[in-house]
Amino acid sequence: MSAQSDARYLPQEFETRWQTAWETAGCFTAKSDPARPKYYVLEMFPYPSGRIHIGHVRNYTMGDVVARYKKAQGFSVLHPMGWDAFGMPAENAAMQEGGHPGTWTYNNIKVMKGQMKPLGLSIDWSREFATCDPEYYGQQQAMFIDMLNAGLVYRKNAVVNWDPVDMTVLANEQVIDGKGWRSGAEVERRELTQWFFKISDYSGELLDAIDGLKDWPEKVRLMQANWIGKSRGLQFAFERADGQGQIEVYTTRPDTLMGASFVGISADHPLAKELAATNPALQAFREDCAKGGTTAEALETAEKKGFDTGLTVKHPFDPTWELPIWVANFILMDYGTGAIFGCPAHDQRDHDFARKYGLPIVDTFLPVGQEWDIQAEPFVPLKSESVRWTRAFGWAEDATSDAAIDAAIAHCESQGIGTGVTKFRLRDWGLSRQRYWGCPIPVVHCQSCGVVPEKKENLPVRLPEDVTFDTPGNPLDRHPTWRQCTCPTCGGPALRETDTMDTFVDSSWYYARFTAPHASTPTDLAEADYWMNVDQYIGGIEHAILHLLYSRFFARAMHKTGHLPAKSIEPFNALFTQGMVTHAIFQTRDDKGRAVYHFPEDVDLRDGRGFLADGTEVEIIPSAKMSKSKKNVVDPVAIIEKFGADTARWFVMSDSPPERDVEWTASGAEATFKHLGRVWALGARIAALPADQVGEGDDDLAKALHRAIADVTATIEGFAFNKAIAKLYELTNTLSRTKASAAAQKQAARVLAQLMAPMTPHLAEELWHMLGGDGLVTEAPWPKADPALLVDDTVTLPVQFNGKKKAEITVPADASKEEVEKRALADEAVQRVLAGAMPKKVIVVPGRIVNVVL
RNA sequence: GCCCGAGUGGCGGAACGGUAGACGCAGGGGAUUCAAAAUCCUCCGCCCUAACGGGUGUGCGAGUUCGAAUCUCGCCUCGGGCACCA
């Protein structure tokens, strides 16, 4: 047995060594270099939940592949990392385990950074920060004050989930089946005065600018456009029949006005409140409506309920036609005017409501040439579909609703009934949180001056350290001294605001802070000007709407307040949304029937059923987003320890297309490790070849090599990492079988190392080194494919008969259509299928296919 | 309920409207070995066939096309988001 075959692939022996080499050489320190093009690649930063999970590895490896590839392409690369460190889990941990949320958070950061470091990511760690660092949130407070002064922030009332037992505000996540997660009490909707960003000022702009986001996924652009929800409609007033006033309504379907059957108002509508004052039954109904959580899902899936006020309004076209006013639980006060008219014939929800309460159902249009029982089922066609109008006012009998809506608005305006208006569904961004572990809102409540911003020199407004979490509610509220302060305007005694900011604020500008993470102002404009925008942003599809929309707004607000250049109002040039790594959730129930979750490693799977160590069977909920609270997380640390970082990196990048969700399975890492071992052994074997050894097939190897360079380059550019890896398998297979000369093999093996370097950088360095590569492969320029080696002289074309493949012919690549047809028909197999028959037609697509039509 | 996606062998997946199943995993057979591991060779959608070959096949049902996994319409199932999870 030779010494050679004793050598094995031992990544643990060299991975750390190469990481040290990169660090010593300062490979990943981002430097502003006006002489070079810059490239800013950013992965959505993690919440420090405690341990990294496999989804993190997938996310950061993708970013790392891009960063290393762009570096090899000659770019000056910025690839930073930080921590989205404020948020509820830290407070929950403090409640459950004692201690301080900050201690818990910084411990988690330490642990997670320690788990990430061995992955060998090309991150510039000198720019690291956590959003809970006072240095960071102090700058956020400074910007908040600027935005407040610029009119981008205001206060108004808004509803929250209120737990009447714990006397505290609950997050939507903490409301389970309409009940508080801890107390089990029925949750109520309650109004509080809250802080808001005026994102609605930018509705139109945020919508229009979506067109410019060329390198964003179409689905994200569509989701954002729908979320902003531009609509054209008619706003008008119904006169009350008793002459006691009007009810202002907004409708996107003025074309159905002749099918109006009732007027519905929100339970929070001023009229509902007014009537309830003297009507206990209505008040009881309103209180019933206030039960349950605040989510749209809860509101829209709740049973539709109404209360007849006994009042009526006059139809605007006919004063003798009266419509009843109902209070309904499905009408939102904060969209439109909080009042609608119901047209049961053309809306499922109104139809259900009308059937339930015996209200009339009157059609305004019916299908063309088809019977329809409007009492049984509403007729709700696409607005672009032509229908037969039974109650039109000012348009043809056959028209689309799109056309009819325009005509209806024009008609109403000419009659002095309301005006056509454009509205947006997008609501202002409520940023107040009644919680401790967030950025304090830097304002002061003064008896004489009102609500005033803190002085900038007093920033950061720091969170107090001496807080307890043994009782529910906001510790800032009950802190003995923290609230007391001096009014920045009059110098008199005043009280601090105790609301903290939504953590979405923190994550709405961290990308800008990374360009100058230690600046004494929120941003350094020179640095921002060099590094912005983010050239490639990478993160989960679950952030498609909120985080990305808030960031787009915040960049605009930062520009308005002088913290970002004009070019950065769309901060992310290109977006890639990776799919999620999903895993089954294992749960049992406690004695109150509430879910108790279990980690995968605690569950023994047998024949599709799962059991705990004590034999209890668990309920298996398939494929759900990995979430620490559900405990369906997979820890990659064991894989890294056993097989090394390159195996983990290659494994998460191979097979599944990055945009698709993947169900995690533990098998397969072993196979990846074996493959990398084969590559290592191949490199060692080629390195040991005598330099002057001759061989045959150098040209074929060169062709395969340049084909691989072209394919790997194109697939990395296109974010198809799984395909890049497939191409690397092919090249490895070719190289392991070639009989080419030692020089050609060594050259090919060095290029293989370069092409693998973005995915498996440590192995690539090792190969590069043993094959006599110059310096670090990390610093080597990306190989270029020679176009002359990418063309083939002949092509093999399939021959189909009526679309089914029956034969194959090989023709010169530049053969004419006629030549291809002639050769195809002359082919033996084709002749056999034809059996003397004459083809009706022969379709030749050069370089693609021949189809014979019989 | 509303908005947005996804669905292809035993598994992960590949396929400018043009050879369905690249590449990998798992599995079968063989070589090597005292034996095993490792390694190498080979087969591998399903059905019929000894084989040659034929049929069938991309969640379901229609349609457009010389030709559909791909485009259109209608469903089904799963996933994400729904404004206080991050």
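Chain A is the first sequence line, chain B the second, and so forth, proteins listed ahead of strands; every chain is numbered from 1. Not measured: the values here are computed from a predicted model.
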Worksheet entry | Whole-angstrom distance between B/C73 and B/A83, as gauged at atom P | 29 Å
Practice prompt. Scan every strand shown for a Watson-Crick or G-U wobble partner of B/U65, both distances under 3.5 Å, and answer none if you come up empty.
Written response: none
Discussion item. Centroid separation under 6.0 Å, is that true for the rings of A/Tyr136 and A/Trp509?
Written reply: yes
Worksheet entry | Whole-Å gap separating C1' (B/U65) and CD1 (A/Ile843) | 9 Å
Discussion item. In whole Å, measure the gap between the P atoms of B/C46 and B/C52 for me.
Written reply: 16 Å
Worksheet item: Under 4.0 Å between a Lys/Arg side-chain N and an Asp/Glu carboxylate O for A/Lys356 and A/Glu303?
Response: yes
Worksheet item: What about A/Gln174: does its side chain form a donor-acceptor pair under 3.5 Å with the base of B/C84?
Response: no
Worksheet entry | Rounded distance in Å between the P positions of B/G9 and B/G5 | 23 Å
Item to complete: Using a strict 4.0 Å threshold on nitrogen-to-oxygen distance, state whether A/Arg433 and A/Asp502 make a salt bridge.
Response: yes
Discussion item. Check the phosphate of B/G24 against A/Asn722, side-chain N and O only, distance under 4.0 Å to OP1 or OP2. Yes or no?
Written reply: no
Item to complete: Examine B/A38: is either OP1 or OP2 under 4.0 Å from a nitrogen or oxygen in the side chain of A/Lys674? Give yes or no.
Response: yes
Practice prompt. Can you tell me, in whole Å, how much space there is between the C1' of B/C44 and that of B/A26?
Written response: 11 Å
Worksheet item: Within less than 4.0 Å of OP1 or OP2 of B/C84, is there a side-chain N or O belonging to A/Arg433?
Response: yes
Item to complete: For B/G27 versus B/G81, give the span between their C1' atoms, rounded off to a whole number of Å.
Response: 40 Å
Discussion item. When you measure only distances, ignoring hydrogens and angles, does the side chain of A/Asn851 come within 3.5 Å of the base of B/C66 through a donor and an acceptor?
Written reply: yes
Item to complete: Give a yes or no on whether the ring-centroid distance for A/Tyr729 and A/Trp650 is below 6.0 angstrom.
Response: yes
Worksheet item: Between the base of B/C82 and the side chain of A/Glu297, is there any donor-acceptor pair under 3.5 Å?
Response: yes
Practice prompt. Return the nucleotide paired to B/G7: Watson-Crick means purine N1 to pyrimidine N3 with N6-O4 or O6-N4, wobble means G-U with N1-O2 and O6-N3, both under 3.5 Å.
Written response: B/C76
